[in-house]
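This report refers to the structure that appears directly beneath it.
Lettering of chains follows the sequences in order, A, B, ..., and the numbering in each one begins at 1. Keep in mind it's a predicted model, so treat the numbers as computed, not measured.
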Amino acid sequence: MSAATPALVPLRVAAGFVVGVALLAVAPWILDFTPYSHNLVTLAFLLISGAVAWNWMGGFLGQVSFGHAALFGMGGFVSARLLLSGPVPAPLAWLVGGLVAGVFSLGAHPALRLRGPYFSIATIGLGESVRLIFTYWEDFTGGSSGLSLPIDPDMKHQLYWWGLGLAAIVVGMSWLMRHSTFGLQLLAIKADVDAAGDVGVSATFYQDLVFVLSGAVVGVSGGLYASYFSFIEPNDMFGFDRSIAFVLMTVIGGVGTILGPVLGAIVFVLLRQYLLASYPDLYLGLYGTLLIFIILFEPLGLAGLLGRLARLARSWRAPAAEGGTP
Amino acid sequence: MTAPLLSVRALSKSFGGLRALDAVDLELAAGEILGVIGPNGAGKTTLFSLIAGSLQPTSGQVHFEGRPVTGRAAHRLVRGGIVRTHQIVRPFANLTVLENVTVAALHGNRRADVPARYRAPRVLDFVGLADRAGQFPGLLTLAGRKRLELARALATIPRVLLLDEVIAGVNPTEAVALAALVRRIRDELGTSIIMIEHVMPAVMSLSDRVLVLDHGRKIAQGTPAEVVRDPGVIEAYLGTSTEATAP
Amino acid sequence: MERFIDLSLSAIMLAGLYATMAYGLGLIYGVLRVVNLAHGGVIMAGAYLGWVLFERWGIDPYLALPLVIVASFGLGILMYRLLVRHLPRGPAGGPASLLLLFGTWLVLRNVAYLLFTGNDQSIRTSYSTASVPFLGTYVSVNRLAVLGVAVILPILLQLLLKKTYTGRAIRAVAQNADSCTLVGVDVERIYALTFGIGTALAGVAGLLSATIFSFNPGFGSGELLKSFVVVVLGGLGSILGVGLAAFILAVVEVFAILVLPSYLTSAVGFVMLVLVLVLRPGGLFGHRVLG
Amino acid sequence: MRSRSTPTPCRSALLATLLLSLVAAAPRAAGAAAPTKVSLGATLPLTGAEARIGGFFKEGYELAVEEANQKGGLTVGGKKLPVTLSILDDTTTQATAVSLADRLVNSDGVDFLLGTYSSHLVEAQSTIGEQNRIPYVNGGGGATKIYKRGFKYLFGTIAPVELLGTTLMSWIDVQQKAGKLPRPAKIALLWENTAHGKDFRKGVSDFAAKSGGAYQISVDESFPLDGKDFSALLGKVKAANVDLFLADAHLPDYITMHRQYVAAGLCHKVVSYGARGSEKGAVDALGQENVNYVVSGVWWSAELGKKPGLAKAFVELFTSKHQGRKPEWFQALAYESARALFTAIEQAGSLDREAVRAKLAALKIPSMLPGGTLEFPASMGQQAQNPFVLQQNLPDRTSPIIFPPDAATGTGIAVNPRCPK
Amino acid sequence: MSEPLLQLDAIDVSYGDVQVLFGLSLEVREGEVVTLLGSNGAGKTTTLRAISGLRPPRAGEIRYRGRSLATIPAAARADLGISLVPEGRELWPQLTVRENLDLGAYGARARPHAARNLERVFAMFPRLAERSGQLAGSLSGGEQQMCAIGRALMSEPTLLMLDEPSLGLSPLLVDQVMNTISELHAGGMTILLVEQNLRKALQVAQRGTVIETGRVRLEGTSAELAANPEIRAAYLGI
């Protein structure tokens, strides 16, 4: 991120972003959330952070990871251990969890030279070995019986704003990444590693950097998640299903877009909850069908769909309506 | 001539048993255009890949500004000032034209500290793509994409530019324009150029010297006029005429 | 010594099981370059089909093999024609194909829940627990039969691939599809056929698994993960490599119990997967495309 | 500058707000108007790994509710109120179990929660009860760890798995003292790596440690859930040449492992798979001859219904509803959990959560569970401590209770007669 | 004069948005050897791919024995007797030589005659017979070229198209390949040859067409073309 350039963040965007976050921050009072809605939205925030961070790797860099649960679990267990060890402020514990997960993710460095499905398969292997080892590692993770944190209803309530804050920071980072020269280089690596090298982009450096960033954010969200549920267990935290969830959220929302993972995570939480409660017999199938349709008909996911609708609406409106987007 | 900017000594590369490049020497002076020609499969692109660091040589050395750079990684060579283009243009399809150039402008010659965002539009202007800045490369014509490839290379502020068939494949009008652009790069930016080219009129008119490869070996070197008179070259290009091959 | 014989026999039996699970995944990857994430779902479907045939009509699972092969072959053709064919080819299609087939798996699982509920089922034949004495120990008859199938399948497959025009066309398509078109091979048809055969192999694996394990609609993820390991070790797309890799994985897992707690022996496979990918991306036996 | 229409965060935030406000539109929990019914909620693993048992628990819960409603409902403050129960599928995943319980409490407005099945789900889900101060009665979370967190709203009708290990060892001890088993006896202890398995292991190994050398644990290994191959592990058992084979596994692993056990020609003087052994599914999958003499320890058995009493009534009620199928401990614990909650509600005379919680904490009612009384002792974290009963499968297809003596309906056979010599 | 065997009528061919052929027309009559000349990127390979169906034209028509090929998929064209030896041979490297050849006879028309044709190919290239069990990928460049030609011959072609068969071969082998082409021609086969070795090509062909950036620049008999200084200019840039 070398260049200080004119108006990296246009005022309109910044203002809109701040207003949006502020609206969400006061939403629980304005909309009179039930505790259930409050909790569900909190969960959505946590997953938004994870999905957006996954997207930095999978979407911006093109390294599709099927092993992010390892980082999520790492963050969760490190912060849970810290919280259990004594009077550590929760935010500090989450942060440390994130840092450890970030460093931990460098363990996948050797896999970075693999491309396409090979990388994905390697991450599956990494994720599964981490799961088995941590489930066995009783002293750290409590083994298969997991770790319980003290129940603190206030904490769960406050997590709404912590989660919102994290999501806001992460989405903001995503925007900055995508619109800065940093993001350009990531996309260049995604498009063609060799050609990127030919113009001087050092792929491994950026891949490692994004891996660490992504791992750290996913780790922090794992820490928040641990506080949210008050009970975590390695088979669940490190599980393959969780790794797949990161991929699903992003793909449903739109890989490589800024808005996509956000929408994907919201849909993932809400739609799943809705289907589970309303169509318990069919939810798997409906979910699978949705996935199939998105892959076949809208590769950019919901974000792509919205973009299409927006273009359609714009073409209907008078052409004078709006200039180019910033 | 003073000490060469780039010198290549006995550079060889084997793939399995096949000797793709066999002890090739070359020197490039500052501000020179060196044409590299030869039939398909002569080893021209391999030569480029070895100089630009995309491939590791089996033996031989490359010196740049008097220092050895043999086998250095491509992205480090770019920062030193050696950059290549590809025969098959490889724009980053997911980036706009301007973004493609900006990425390249971030790197390259360390001595150039003009901010990338500032430099990229100027480079686009130089290659004549200023009006396409916001488009995706997929919408450009082949000639447009070749210009983009050039712009990307130029954005790194190279001292040595390796051009792999930038002119081939476009229509004659565009070819003339591209050739003119290559000349301007040398004349106005002072960049030294090695170009592989099949479009003979272009090579012959642009090059100060021409190097001819065949089957991985250097078979001739000299001014364009010398080279086209060389019987070995004629044979390599047009085939042997000595005896009939009737059944 | 006796312990060594015990462990070796266990490894061989386990290798047979792993190999049957992995052939289909390997074949489809080798030819279409698609990682069939629905593999686990088809294994589950094969298990249920075998169970229905056995419970309803009393057809012995080994006699049911042809039926299961035909049915899952059909399922594979259907999946190819309806879904896989529309995927973008090449590396860009990677994550898309993974998720598309994962979606298919979810649908298959749902269908199984609707048809069979979540109860655990299993196939018990008269020989389920029978065993024969061998070198001072006992070998399960059923596992021996599975091993037999695991050995016969690649031989049949290899015969198909080597001796018939269609089989050669399958291998040729894997190596260079355009050249196939030039000699008159309908590449799309070959792709569909290959996907069908790969799916049929998964169905067989499911049927055989059903004679060993109890299963429910969620069955198949463990099988899928093991198959991954085997196929990667074997070099993504070599049938004999898959067989050998299954053997190596089984040996490593089984003998790991001498030095590791039992729980961690299956982690060894995944660690091997990562190491092989990083150190020898072509698999243990070099990269070959259905050679 | 950019011609693309990447949605900006400005729009994205607004959109997200919009989407999230849809959630907020969810109906609020009903107010404090006079109650017209008692509404209960539960999630159960109806799909996923524990789907089979989830289905059994559902039968138990539903039977209890039906029975209560047939009597006109629960008498609350002098009025008969009908009972409703909404059961959601938690897909055997923790996050879903938690958020669906949250939904039941905070969106659907249920008055009380019944628990889900399996320790890890209960441990995760019970936090919702605690956070919302709503009584949570479960029969599916047996790990002692769950009850050591000092939760006030959590009640378990399921005795600790540790006790299963202890009970099993007590019977073995009786046999050893009678000279039927060697002293010291060598044990192979295999346990699934879950909270359940760990407790079982603790029960057995604590007993062995206190036995003064009467028992020696020669193999002590865990294995992953849904393991694919146990041959190497069984090989280790074989090499160790043990007398007693004590394992703890869930049903699919029991079937896989025992098939391999039989095929490998193994045989031990005592064979047990913890709670597994007498269920019909296992007998079907393994064959009667192969499960003979397997000793299992369960929280409840239909055998208890052979003597007149509450158990008998329950067995009759259940069999008449389910075409002659006999209940197993799953349905019994589910039923008892619901019944305990009903009793507490009637005793409290209101739907007030605190009042019901207090009544549950003080509850002491006659029960069909072994021991005859159900209570939630505070000293044990409100986990019932009813003893286990041991059953043994016999060649005549019965599985009489062989231990403890006061509940026994048959006598145990200590040295497995199937083994040669 | 009889109807030409192959007729290209003003075809346009594009790769995505890049148009490579612009209204190209060409004729090949039965029993002829025609060579297609031009510098790299002129569109020679694309022309052959259009005829074989791998890259169908966007406009214009290709007729074979007077029938339009527009509706005939690429895979069915081998059965009509159209066969291409692609540039760079494009063998199946991990199939044996024998398997490569056998697959050449995949089409329904050629399959019954596979044994006879195999004998002919082996007679023509004894080297292949020696190496029949070896993987095609392990052959030398010249042997690979023989194998590729052999594979094409296995389909009993009426029209054989060869794309730069001398590419990467030593002069000796180039002569051998050219001899083979002459032999095939003597046996009555119609041949369309793309070759960068201009003199060799004009020696074996009766007629030639020079194309430049997707358009025909020159046409004539081999003798006419060989004498035309314009060709030398086009190739050497003087």
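- Contacts between Asp79(E) and chain C at a heavy-atom distance below 4.5 Å are absent for every atom of the residue.
- Neither the backbone nor the side chain of Ala148(E) comes within less than 4.5 Å of any heavy atom in chain C.
- Ring geometry for Tyr106(E) versus Tyr165(C): interplanar angle over 60°, hence perpendicular rather than tilted (30 to 60°).
- By number of non-hydrogen pairs under 4.5 angstrom with chain C, the leading residue of Pro93(E), Ala76(E), Gly137(E) is Pro93(E).
- For Leu54(E), the part lying near chain C is the side chain, with the backbone staying farther off; criterion is any non-hydrogen pair under 4.5 Å.
- Counting heavy-atom pairs closer than 4.5 Å to chain C, the top residue among Gly53(E), Ala78(E), Ser52(E) is Ala78(E).
- The side-chain heavy atoms of Leu6(E) and Val34(E), taken from C-beta on, include no pair separated by under 4.5 Å.
- Under the 3.5 Å distance criterion, with hydrogens and angles disregarded, a donor-acceptor pair is assigned to the side chains of Glu61(E) and Ser68(E).
- For the atom pair OG (Ser155(E)) and CZ (Arg109(E)), the distance works out to 7.0 Å, reported to the nearest 0.5 Å.
- Only the side chain of Ala114(E) has a heavy atom closer than 4.5 Å to any heavy atom of chain C.
- Put simply, the side chain of Val204(E) does not reach to within 4.5 Å of the side chain of Ile191(E), judged on heavy atoms.
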